[in-house]
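Comments concern the structure below.
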Protein chains: 2
Amino acid sequence: MFLALADPTRRAVLDRLAEGPASVGELARPFAMALPSFMKHIRMLEESGWIATRKQGRVRTCTIQRRSLAAADAWLGRQRAVWEARTDRLERLVAELQEKEERE
Amino acid sequence: MFLALADPTRRAVLDRLAEGPASVGELARPFAMALPSFMKHIRMLEESGWIATRKQGRVRTCTIQRRSLAAADAWLGRQRAVWEARTDRLERLVAELQEKEERE
DNA sequence: TTCATGATGAGCCATTAGGCTAAATATCAC
DNA sequence: GTGATATTTAGCCTAATGGCTCATCATGAA
């Protein structure tokens with residue numbers, strides 16, 4: 001899931017898709033890359049759940065999937081939560097120590 | 001940056017470090033992995049800015065870096081923002097169309 | 001039908017990732 | 001100074017990544 005975000009091409013594709021669906025060819029245009037290479041990125045984005053694709057005629061249309069964004073967010077969110085909880089504990093500890101010092 | 005999150009070992013290390021600093025050996029203990037292998041993960045986490053390390057005597061202590069979390073958040077945040085802006089536009093568009101229909 | 005176009009399949013290649021072992025280094029504790 | 005402890009270096013191995021070309025397939029347009 002994060003692996004998909006590790007590549008700049010794929011992040012750019014997601015950036016583009018956030019604005020709305022697009023065909024493979026359309027998505028590929030900005031990149032100096034052979035189509036088969038580009039397709040690997042598309043497939044990987046689909047397999048990792050970041051996008052969904054549907055083929056009508058000879059055109060395959062890609063749509064971003066909100067769900068993955070939520071999943072990635074969740075991990076970072078948990079991370080932030082623990083970090084902040086710890087920070088809070090530290091702050092309380094420091095506060096207590098200071099109080100104690102003042103009383104002495 | 002996201003590449004560092006792509007590996008479960010490294011995510012686990014970050015999970016652990018969110019609770020507070022730890023030495024390399026301490027961090028490595030839960031993993032069935034040779035130390036040199038583990039060190040590669042540590043180095044990668046450091047190079048990608050997720051952690052900072054400092055060596056005193058023979059012990060290297062690792063600390064999580066808040067900054068990276070913020071950076072990762074930023075990307076996802078931007079992504080969400082565009083997505084939601086677009087959703088809003090679509091909702092407005094739908095609303096307008098419905099109004100128009102009702103008037104007809 | 002024939003041709004152009006959008007997407008794919010197959011397979012090659014160089015680099016990187018992620019694991020290992022064996023040996024070296026640097027402290028710390030006696 | 002000897003031995004145990006905590007890393008670290010060097011180098012090897014396999015599989016996966018990310019790129020390429022060339023050949024194919026399927027569909028839309030003339």
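The structure presented is a predicted model; accordingly, all values stated were derived computationally and were not measured. Chain letters run A, B, ... following the sequence lines, proteins first and then strands; every chain starts at 1.
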Residue-level proximity of residues 6-17 of chain A to DNA chain D when a heavy atom falls under 4.0 Å: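 Hits under 4.0 Å, by residue number: A/Asp7, A/Arg10.
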
Starting at atom [atom1] of [X], determine the distance to atom [atom2] of [N], rounded to an integer number of angstrom.
| X | N | atom1 | atom2 | value |
| --- | --- | --- | --- | --- |
| B/Glu46 | D/dT7 | CD | P | 13 Å |
| A/Met39 | C/dG11 | CE | P | 18 Å |
| B/Arg54 | D/dT7 | CZ | P | 15 Å |
| B/Ile42 | D/dA6 | CD1 | P | 15 Å |
| A/Phe31 | D/dG19 | CZ | C1' | 14 Å |

In the structure I gave you, are the side-chain heavy atoms of A/Thr63 and A/Leu17 within less than 4.5 Å of one another anywhere?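 Answer no - side chains too far apart.
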
Angle class for the B/Trp75/B/Phe2 ring planes (parallel below 30°, perpendicular above 60°, tilted otherwise)?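 Because their plane-to-plane angle is over 60°, the rings of B/Trp75 and B/Phe2 count as perpendicular.
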
Spell out, as yes or no, whether a donor-acceptor pair under 3.5 Å connects the side chain of [X] to the backbone of [Y].
| X | Y | value |
| --- | --- | --- |
| B/Ser68 | B/Gln65 | no |
| B/Arg10 | B/Leu3 | yes |
| A/Gln79 | B/Leu14 | yes |
| B/Trp50 | B/Ala4 | no |
| B/Ser48 | B/Met44 | yes |

Does B/Leu3 reach a base, just sugar-phosphate, or nothing at all? Heavy atoms under 4.0 Å.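 Sugar-phosphate, backbone atoms only, no base.
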
How is B/Arg43 classified with respect to the nucleic acid when contacts are heavy atoms under 4.0 Å: base, sugar-phosphate, or nothing?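 Answer is sugar-phosphate: B/Arg43 comes under 4.0 Å of backbone atoms only.
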
Spell out protein contact along nucleotides 20-30 of chain D as letters: B when the base is contacted, S when just the sugar-phosphate is, - when no protein heavy atom is under 4.0 Å; keep the 5' to 3' order. BBB----BS--

Working note: B/Arg66 + A/Glu84, criterion salt bridge (charged side-chain N to carboxylate O under 4.0 Å, His left out); need CA distance, chi angles, decisive distance, verdict. CA-CA 10 Å; B/Arg66 192 179 209 172; A/Glu84 279 167 5; 3.5 Å; yes

Picking from D/dT8, D/dG19, D/dT7, which would you name as closest to the side chain of B/Ser23?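 In terms of side-chain proximity for B/Ser23, the closest of D/dT8, D/dG19, D/dT7 is D/dT7.
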
Residues, nucleotides or ligands: over 12 heavy atoms within 6.0 Å of B/Arg78 CZ: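 Atom CZ in B/Arg78 is packed in, count exceeds 12.
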
N/O (side chain, B/His41) to phosphate O (OP1/OP2, C/dG19) under 4.0 Å: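 Yes.
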
Mind grabbing the angle between the end helix axes of the helix from C/dT1-D/dA30 to C/dC30-D/dG1? Five pairs an end, 10° rounding.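 What I find for the helix from C/dT1-D/dA30 to C/dC30-D/dG1 is an axis angle of 30°.
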
Minimum heavy-atom distance B/Pro21-A/Arg86, with the two atoms named: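 Heavy-atom minimum between the residues: CD-NH2, 3.9 Å.
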
Here's a test for you: under side chain to side chain contact (heavy atoms under 4.5 Å, CB included), which of B/Leu45, B/Ile42, B/Thr61 qualifies with B/Leu27?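 So the option named by the test is B/Ile42.
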
